[in-house]
2 protein chains.
Amino acid sequence: MFLEGINTILSDMQEIGDVHLATEGKQVLRLLNQFEIDLIISDISMPKMDGIELLTELKKKHSSVKIIMLSMLDNHRTVHKVIQKGADGFIPKFTSKEELQTAVRTVLDNEQYFSEIIKQRYMESVFERKKYKNIELSPREKEVLNLLGDELTSKEISEKLFISVNTVETHRKNILLKTGSKTTTGAVKYAIESGLFDE
Amino acid sequence: MFLEGINTILSDMQEIGDVHLATEGKQVLRLLNQFEIDLIISDISMPKMDGIELLTELKKKHSSVKIIMLSMLDNHRTVHKVIQKGADGFIPKFTSKEELQTAVRTVLDNEQYFSEIIKQRYMESVFERKKYKNIELSPREKEVLNLLGDELTSKEISEKLFISVNTVETHRKNILLKTGSKTTTGAVKYAIESGLFDE
DNA sequence: TACAAAATCACTAGTTTCAGTGATAAAAAC
DNA sequence: GTTTTTATCACTGAAACTAGTGATTTTGTA
């Protein structure tokens with residue numbers, strides 16, 4: 001399995017001592033109480049407590065422990081969150097053995113390590129939003145998101161824009177998809193934090 | 001009625017020409033197309049389209065028209081919104097004849113007029129939140145609001161904090177009440193904009 | 001120790017959102 | 001002038017949220 005692969009890669013490195021494996025966020029927290037942990041390498045998507053939650057928890061209660069996040073490059077929102085929450089490293093899930101080792105060494109050396117592709121993705125999100133429209137919101141979607149921020153319901157928005165409620169809901173779904181949010185609240189928060197609203 | 005009172009007060013002023021009365025936001029928009037309007041004095045709470053919506057609409061499509069908002073001093077959120085949306089003036093609903101006249105003259109003179117009590121309320125909201133706990137969120141409420149911003153549902157929050165879902169929902173209700181929001185999205189937006197989250 | 005604020009829990013009912021699927025027409029880009 | 005994006009609409013069912021009411025227990029503080 002995937003975990004085993006990482007285990008093997010880490011075992012190759014002399015500077016690495018014990019390695020513990022976990023399949024859920026909660027399990028990681030338990031391990032933290034049992035052992036002296038220096039570094040955590042975590043996937044974003046996990047059952048029970050996902051990587052973002054784990055990261056949040058960690059930076060609050062075990063702020064000295066380093067954490068490197070792994071993820072598919074699904075969307076801006078995720079990248080944004082991980083960086084904002086203060087991860088020490090962030091690399092794509094299917095990277096080379098070498099990059100993983102470099103990341104581990106760098107982070108253990110008290111520096112941050114972000115994969116080139118991650119940095120690029122983040123920059124797109126912050127500065128070059130317009131170029132990458134596939135991930136970006138259309139004008140109509142922004143309009144809808146703004147109104148959602150003003151506390152209007154789908155019905156109210158549909159009346160205001162003279163379109164069907166179904167259309168508004170479709171826009172909402174696309175907004176959630178593009179921003180990588182589960183809730184409207186999250187999408188609006190993302191929009192504010194990433195400056196989507198000030199255009 | 002209340003409208004008549006204002007009408008009388010305005011009629012006392014030589015610099016005021018015609019006065020039109022409206023009972024809904026939509027009606028105000030219609031009047032704007034029929035007459036040359038310099039100034040609007042609007043209540044926050046109105047049927048069909050409330051004062052905030054009217055304000056938003058106005059600043060978008062009739063940006064030269066001045067607007068003075070009237071409201072009960074219900075909560076921070078409202079004050080915050082009105083200021084952010086760019087009202088030209090803001091006074092409490094039951095103020096003196098003199099203050100209303102001063103406000104009108106000031107705004108017609110291209111300046112802003114905010115009642116002392118309004119300014120004070122706003123300052124509380126921005127700088128002195130802790131002192132006025134009656135309007136402020138309790139630590140637990142802030143915690144819940146933060147988790148809501150992280151896209152957790154009531155159920156998830158209840159599991160995370162080891163409390164009942166009912167309790168979480170009560171916190172949510174109180175948060176909406178205190179922030180003057182109708183939706184969680186609005187409350188989170190308010191929290192971000194007013195700096196509630198950075199503490 | 002009282003008084004007040006904060007935190008807790010419960011139940012109902014109506015509304016809204018979210019997720020999943022599928023589809024068409026207009027506009028923009030290539 | 002064809003492909004892609006954007007905007008539009010529809011339907012279903014489950015999950016989640018909002019509103020209204022009422023109440024008890026902790027905790028903090030005057």
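Naming: A, B, ... by sequence-line order, numbering from 1 per chain.
- Heavy-atom neighbours of B:Glu36 CD from other residues, nucleotides or ligands within 6.0 Å: at or below the threshold of 12.
- By the side-chain contact (heavy atoms from CB on, under 4.5 Å) test, A:Asp38 pairs with A:Leu108, sequence neighbours left out.
- Take A:Val165 and apply the side-chain contact (heavy atoms from CB on, under 4.5 Å) test, not counting sequence neighbours, and it matches A:Ser154, A:Ser158, A:Glu169.
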What are the atom names and distances for every N/O pair under 3.5 Å that joins the protein to nucleotides 14-17 of chain C?
residue, atom, partner, partner atom, Å
C:dT17, OP1, A:Arg172, NH1, 3.0
C:dT17, OP2, A:Ser154, N, 3.1
C:dT17, OP2, A:Ser154, OG, 3.2

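- Residues passing the salt bridge (Lys or Arg N to Asp or Glu O under 4.0 Å) test with B:Arg140 are B:Glu143, sequence neighbours excluded.
- For B:His171 and C:dA7, the shortest distance from a side-chain N or O to OP1 or OP2 is not below 4.0 Å.
- Residue pairs meeting the salt bridge (Lys or Arg N to Asp or Glu O under 4.0 Å) criterion with at least one partner in residues 103-115 of chain A, sequence neighbours excluded, are A:Glu15-A:Arg105.
- One end of the helix from C:dT1-D:dA30 to C:dC30-D:dG1 points its axis 80° away from the other end's axis, with each axis taken from 5 pairs and the angle rounded to 10°.
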Anything under 3.5 Å between a protein N or O and an N or O of nucleotides 26-30 of chain D, put it in a table, one pair a line.
none

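- No donor-acceptor pair under 3.5 Å is formed between the side chain of A:Glu159 and the backbone N or O of A:Glu156.
- Taking atom NZ of residue B:Lys178 and atom P of nucleotide C:dA7, one finds them 8 Å apart after rounding to whole Å.
- The side-chain contact (heavy atoms from CB on, under 4.5 Å) search around A:Gln14 returns none, not counting sequence neighbours.
- The side chain of A:Asn166 contributes no N or O atom lying less than 4.0 Å from OP1 or OP2 of D:dC9.
- Between the P atom of D:dC17 and the CG atom of B:Leu145 lies a distance of 13 Å, rounded to the nearest Å.
- Computed from coordinates, the B:Glu143 CD to C:dA7 P distance equals 9 Å when rounded to whole Å.
- Here B:Asp18 pairs with nothing under the side-chain hydrogen bond (donor to acceptor under 3.5 Å, both in side chains) rule; sequence neighbours left out.
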What nitrogen or oxygen pairs link the protein and nucleotides 21-28 of chain C at under 3.5 Å?
residue, atom, partner, partner atom, Å
C:dT21, O4, A:Lys173, NZ, 3.4

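- Judged as a side-chain contact (heavy atoms from CB on, under 4.5 Å), and not counting sequence neighbours, the contacts of B:Asn146 are B:Phe197.
- Between A:Asn174 atom CG and D:dT5 atom P there is a gap of 13 Å when expressed in whole angstrom units.
- No side-chain donor from either of B:Thr102 and B:Glu98 sits under 3.5 Å from a side-chain acceptor of the other.
- Taking atom NZ of residue A:Lys182 and atom C1' of nucleotide D:dC17, one finds them 16 Å apart after rounding to whole Å.
- The phosphate of D:dT8 has neither OP1 nor OP2 within less than 4.0 Å of any side-chain N or O from A:Ser164.
- One N or O on the side chain of B:Asp88 and one on the backbone of B:Ile67 form a donor-acceptor pair closer than 3.5 Å.
- Residue pairs satisfying the ring pair (Phe, Tyr, Trp, His ring centres under 6.0 Å) criterion with at least one member in residues 8-29 of chain A, sequence neighbours excluded, are listed as follows: A:His20-A:Phe35.
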